[in-house]
**Student:** 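Submitted below is the structure of interest, expressed as structure tokens.
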Amino acid sequence: MTIVSPCDDGYPERLALLDAPPLLYASEPLAIGSDSCVLFSGTRRPDHQAFHDAWVWSLRFARLGWRVVTSGEGGCDLAVRRALAGAGFKPIVAVAGGLPATWDGTTVLVSPFPEGTVRSRESLLGRNLFSASLCQLTIIVQAPLRSGSLLVARDALDSGGDVLLLPCAVGNGAQHAGGNRLREEGAPILRRCVDKTSFVVDSAYGCD
């Protein structure tokens, strides 16, 4: 286990600028730049399109040089982990509690909670805030109205980050209600990655 503080070189740059946790616990040393870390967040019960899109888009970002972060839960997050591990990338998994004693080594585990912290509603909310604050960019795959992913989007915006929606986040049905709400509030829909820093999106004002 690696333990880093805001005074250490390995502490994530963006967290150091915010109300940072005093210590981070990681399964291996972290190397996260302030402009190259993206969080993928989505429902644990995605439809087929959302599972597919989480897989495809997370790979696109990883291949452009982004460090991909996820929460490590099922559904959309599972698609991200499997896609990246299968392609030889290591996603960063934010853990809601203390780090486990063992893991498979295909991911980098990180938590703001010390060893022995029990997973709870409070730690889940803390994990969501931590992961959203860690990344400048958050991608919402699909989110019902009552979902952790919608809370993650709120945390990302509150921390000064950017939120983009995948096309599968909007549509008809309960699984799209959270994405529809974010869209109504002005969140752009991601259409294409041009390069590491340029994207084509459908904003409230047209295509940018």
**Student:** Please work out which of the three classes, parallel, tilted or perpendicular, describes the rings of W66 and F199, given edges at 30° and 60°.
**Tutor:**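 Correct class here is tilted.
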**Student:** Are V56 and F61 in one and the same hydrophobic cluster, where Ile, Leu, Val, Met, Phe, Trp and Tyr link if side-chain heavy atoms are under 4.5 Å apart?
**Tutor:**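 No: no chain of side-chain contacts under 4.5 Å links V56 to F61.
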**Student:** Carefully, step by step, assess V141 and S149 under the rule side chain to side chain contact (heavy atoms under 4.5 Å, CB included).
**Tutor:** CA-CA 9 Å; V141 181; S149 294; over 6 Å; no
**Student:** Please check if the side chain of Q175 supplies one atom and the backbone of Q142 the other of a donor-acceptor pair under 3.5 Å.
**Tutor:**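 Here the side-chain-to-backbone pair does not exist.
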**Student:** Carefully, step by step, assess L134 and R14 under the rule side chain to side chain contact (heavy atoms under 4.5 Å, CB included).
**Tutor:** CA-CA 6 Å; L134 181 64; R14 190 164 191 272; over 6 Å; no
**Student:** Rounded to the nearest 0.5 Å, what's the gap from CD1 on I92 to CD on E28? Could you check?
**Tutor:**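 Here the interatomic distance stands at 9.0 Å.
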**Student:** Using the rule side chain to side chain contact (heavy atoms under 4.5 Å, CB included), only one of D202, V201, L166 pairs with R191; which is it?
**Tutor:**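 Of D202, V201, L166, side chain to side chain contact (heavy atoms under 4.5 Å, CB included) with R191 is met by D202 alone.
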**Student:** How many angstroms lie between atom CZ of R154 and atom OG1 of T138, to the nearest 0.5 angstrom?
**Tutor:**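 Separation between the atoms: 12.5 Å.
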**Student:** What's the spacing between L164 CG and C193 SG if we round to 0.5 Å?
**Tutor:**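 Going from the CG atom of L164 to the SG atom of C193 covers 9.0 Å.
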**Student:** Measure the spacing between CG of D8 and CG of L24 and express it to the nearest 0.5 Å.
**Tutor:**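 Here the interatomic distance stands at 9.5 Å.
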**Student:** Hey, quick one: are V163 and V68 part of the same hydrophobic cluster, counting side-chain heavy atoms closer than 4.5 Å, chains of contacts allowed?
**Tutor:**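 As far as the 4.5 Å side-chain criterion goes, V68 and V163 are not connected within one cluster.
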**Student:** State, yes or no, whether a side-chain contact exists between F130 and L15 at a heavy-atom distance under 4.5 Å.
**Tutor:**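 In short, these two side chains touch, coming nearer than 4.5 Å.
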**Student:** Heavy atoms only: give me the nearest S27-L99 pair and the separation to one decimal.
**Tutor:**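 Looking at all heavy atoms of both residues, the closest pair is N-CD1, 3.7 Å.
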**Student:** Using side-chain heavy atoms (C-beta onward) and a distance below 4.5 Å, is L39 in contact with S131?
**Tutor:**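 Of all side-chain heavy-atom pairs linking S131 with L39, at least one is under 4.5 Å.
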**Student:** Can you find a heavy atom in the side chain of F113 that is under 4.5 Å from one in the side chain of V95?
**Tutor:**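 F113 vs V95: side chains apart.
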**Student:** Do you know the tightest heavy-atom contact between A132 and D155?
**Tutor:**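 Taking A132 first and D155 second, the nearest heavy atoms are CB-CB, 3.7 Å.
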**Student:** With a 4.5 Å heavy-atom cut-off, do L124 and R119 have their side chains touching?
**Tutor:**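 Contact flag for L124/R119 side chains = yes.
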**Student:** Find the distance between CG (L182) and CG (L157) and round it off to the nearest 0.5 Å.
**Tutor:**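 Answer for the CG-CG pair, L182 versus L157, is 7.5 Å.
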**Student:** Below 4.5 Å, heavy atoms only, C-beta onward: do T43 and P144 meet side chain to side chain?
**Tutor:**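 When only atoms from C-beta onward are counted, P144 and T43 do touch, with a gap below 4.5 Å.
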**Student:** Does any non-hydrogen side-chain atom of Y25 lie less than 4.5 Å from one of E115?
**Tutor:**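 No, their side chains stay 4.5 Å or more apart.
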**Student:** Crowded around N172 CG? As in, over 12 foreign heavy atoms under 6.0 Å?
**Tutor:**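 Atom CG in N172 is not packed in, count stays at 12 or less.
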**Student:** Following the transitive rule for hydrophobic clusters with a side-chain heavy-atom cut-off under 4.5 Å over Ile, Leu, Val, Met, Phe, Trp and Tyr, establish whether V200 and I189 coincide in one cluster.
**Tutor:**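 No, it is not one cluster - the side chains of V200 and I189 are not joined through contacts under 4.5 Å.
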**Student:** Going through the checks in order, is the side chain to side chain contact (heavy atoms under 4.5 Å, CB included) test met by H176 and L165?
**Tutor:** CA-CA 11 Å; H176 303 92; L165 307 173; over 6 Å; no
**Student:** Answer yes or no: are there more than 12 heavy-atom neighbours, outside R44 itself, under 6.0 Å from its atom CZ?
**Tutor:**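 Counting other residues, nucleotides and ligands, CZ of R44 stays at 12 neighbours or fewer.
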**Student:** Could you tell me if the side chain of V93 sits less than 4.5 Å from the side chain of W103, heavy atoms only?
**Tutor:**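 Not in contact.
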**Student:** For the atom pair CG (L84) and CH2 (W55), what is the distance rounded to the nearest 0.5 Å?
**Tutor:**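 Going from CG on L84 over to CH2 on W55, the span is 9.5 Å.
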**Student:** Evaluate the criterion side chain to side chain contact (heavy atoms under 4.5 Å, CB included) for residue pair V38 and C135; output intermediate values, then yes/no.
**Tutor:** CA-CA 5 Å; V38 58; C135 303; 5.6 Å; no
**Student:** Please check if I140 and W57 belong to a single hydrophobic cluster, counting links between Ile, Leu, Val, Met, Phe, Trp and Tyr side chain heavy atoms closer than 4.5 Å.
**Tutor:**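 No: no chain of side-chain contacts under 4.5 Å links I140 to W57.
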**Student:** How about S123 and V118: do any of their side-chain heavy atoms sit closer than 4.5 Å?
**Tutor:**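 Heavy-atom side-chain distance check fails, nothing below 4.5 Å.
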